[in-house]
Amino acid sequence: MKETIPGVFRDGKKIFTMSMVKGYNAYTKSIVTKGKAEYRQWDPDKSKPAAAIIKGLKTFPITSGSKVLYLGAASGATCSFFSDIVGENGVIYAVEISERSARDLNVTSEKRGNIVPILADARKPEDYDWVEPVDLVFEDVASDEQSAIMIRNSDKFLKPGGHAMIAIKSRSIDVVRDPKQVYKEQIAILGKHLEIVEKVELDPYEKDHMFVVLRKK
Ligand SMILES: C[S@@+](CC[C@H](N)C(=O)[O-])C[C@H]1O[C@@H](n2cnc3c(N)ncnc32)[C@H](O)[C@@H]1O
């Protein structure tokens with residue numbers, strides 16, 4: 001097991017995070033124990049950042065102590081891996097619009113202690129304007145307003161020089177157009193506000209998705 005990205009460990013084709021909550025195996029495919037440490041397998045079929053890492057993403061700007069704003073947290077599956085990486089000194093402000101998913105997110109958050117669940121609409125960042133400035137904004141919201149949501153939230157919460165990551169779902173923006181055209185257009189919109197650092201297509205793990213890393217100018 002080798003730490004190839006800070007907080008992300010690799011064993012052959014599998015990636016892992018070091019578990020903050022030992023013995024708790026929700027959202028993981030398998031657990032590997034080495035000495036006193038427990039490692040949770042991070043499944044690229046179920047999590048877009050894991051797919052991006054497996055597909056060769058080089059810039060992964062989350063580390064121990066990072067403060068993260070996570071838009072579209074669902075029940076907290078990917079959040080739980082971010083939670084392992086940021087550790088006790090970091091925090092994840094996790095925004096989710098669905099009450100059903102937010103109930104599961106509350107359970108994940110109670111287990112971990114570094115996730116702050118927020119039942120809110122990411123299109124309205126003014127509804128959670130008490131959130132502190134963050135090092136990273138991550139968005140995984142399947143919506144035709146994806147880029148606008150990212151711009152609004154990074155304008156408001158992202159520290160200068162901070163990073164953003166977005167999983168662009170081409171079918172949420174336009175079901176019929178060629179995904180490559182949709183990515184190009186969305187990247188042009190995002191690029192007016194944020195510097196484009198890196199992009200990786202997520203096929204075959206997530207069809208018609210592009211993962212983009214950005215930086216606040
Ligand atoms: C693809 S799922 C997220 C999966 C999650 N990121 C993970 O990997 O565990 C998208 C989520 O975005 C939420 N969502 C959609 N529109 C939203 C909005 N305007 N504000 C906040 N969440 C939203 C959905 O309810 C859904 O749970």
Side-chain angles (χ1 to χ4, degrees), residues 8 15-17 19-21 24-29 40-55 57 60 62 66 68-86 92-109 111-112 114-131 134 136-157 164-173 175 179 182 186 200-203 205-213:
V8 181
I15 58 168
F16 297 80
T17 58
S19 184
M20 255 190 99
V21 189
Y24 182 60
N25 60 7
Y27 306 125
T28 187
K29 213 171 173 180
R40 304 167 64 226
Q41 190 185 343
W42 195 3
D43 187 351
D45 286 312
K46 299 229 167 81
S47 177
K48 291 156 198 137
I53 291 170
I54 297 278
K55 292 245 12 216
L57 187 81
F60 189 68
I62 306 183
S66 292
V68 175
L69 175 62
Y70 191 125
L71 309 170
S75 55
T78 296
C79 253
S80 72
F81 292 93
F82 283 10
S83 156
D84 282 342
I85 297 168
V86 305
I92 297 159
Y93 297 98
V95 178
E96 173 53 49
I97 199 170
S98 144
E99 281 188 32
R100 175 72 196 81
S101 298
R103 277 201 289 280
D104 294 337
L105 179 61
N106 284 342
V107 176
T108 309
S109 132
K111 278 274 174 200
R112 299 194 148 261
N114 61 358
I115 298 175
V116 180
I118 304 171
L119 177 62
D121 183 345
R123 289 171 295 189
K124 299 179 186 164
E126 60 279 9
D127 289 351
Y128 45 94
D129 61 0
W130 47 268
V131 167
V134 296
L136 179 106
V137 177
F138 174 62
E139 183 188 340
D140 184 17
V141 166
S143 152
D144 59 350
E145 292 180 57
Q146 276 191 302
S147 296
I149 290 173
M150 172 55 87
I151 291 162
R152 232 172 279 159
N153 279 271
S154 54
D155 273 354
K156 197 167 175 67
F157 300 108
M165 301 194 296
I166 184 168
I168 300 173
K169 183 177 180 182
S170 112
R171 281 164 183 277
S172 293
I173 293 153
V175 269
V182 176
Q186 296 303 308
V200 174
E201 285 189 44
L202 299 186
D203 302 67
Y205 299 104
E206 289 281 354
K207 203 172 164 350
D208 300 334
H209 278 74
M210 176 171 265
F211 197 90
V212 186
V213 181

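Fair warning: this is a prediction, and the values are worked out from it, not measured in the lab. In listed order, ligands and their atoms are each counted from 1.
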Considering only heavy atoms, which of V141, L71, D127, D140 lies nearest to atom 15 (C) of ligand 1? V141
Taking all non-hydrogen atoms of both residues into account, name the closest pair between N114 and S83 and its distance. OD1-OG, 2.7 Å
How far apart are the closest heavy atoms of A167 and K48, and which atoms are they? CB-CD, 3.7 Å
Looking only at heavy atoms, what is the nearest atom pair of S47 and T78, with distance? OG-OG1, 2.8 Å
Considering only heavy atoms, does C79 approach ligand 1 within less than 4.0 Å through its side chain, its backbone, both, or neither? neither
From A122, A74, S143, S47 - option closest to atom 20 (N) of ligand 1 by heavy atom: A122
among protein heavy atoms, the one nearest atom 3 (C) of ligand 1 is G72 O, 3.2 Å
Of I97, D121, T108, which has the heavy atom at the shortest distance from atom 14 (N) of ligand 1? I97
Side chains of S80 and R40: any donor to acceptor distance under 3.5 Å? yes
Salt bridge or not for D203 and K55, using N-O below 4.0 Å? no
Please state whether A120 comes within less than 4.0 angstrom of ligand 1, counting heavy atoms only. yes
the protein heavy atom lying closest to atom 7 (C) of ligand 1 turns out to be T78 OG1, 3.3 Å
Can you label the angle between the F60 ring and the F82 ring as parallel, tilted or perpendicular, going by 30° and 60°? perpendicular
Ring geometry between Y128 and F157 (parallel below 30°, tilted from 30 to 60°, perpendicular above 60°): parallel
Using salt bridge (Lys or Arg N to Asp or Glu O under 4.0 Å), reason through R112 and D84 one step at a time and then give a plain yes or no. CA-CA 9 Å; R112 299 194 148 261; D84 282 342; 2.9 Å; yes
Give yes if a backbone or side-chain nitrogen or oxygen of S101 is under 3.5 Å from a nitrogen or oxygen of ligand 1, and no if not. no
For atom 1 (C) of ligand 1, grab the closest protein heavy atom and report residue, atom and distance to one decimal in Å. K48 NZ, 3.5 Å
Does the N or O separation between E96 and ligand 1 drop below 3.5 Å for any pair? yes
So which heavy atom in the protein is nearest atom 6 (N) of ligand 1, and how far is it from that ligand atom? Y70 OH, 2.6 Å
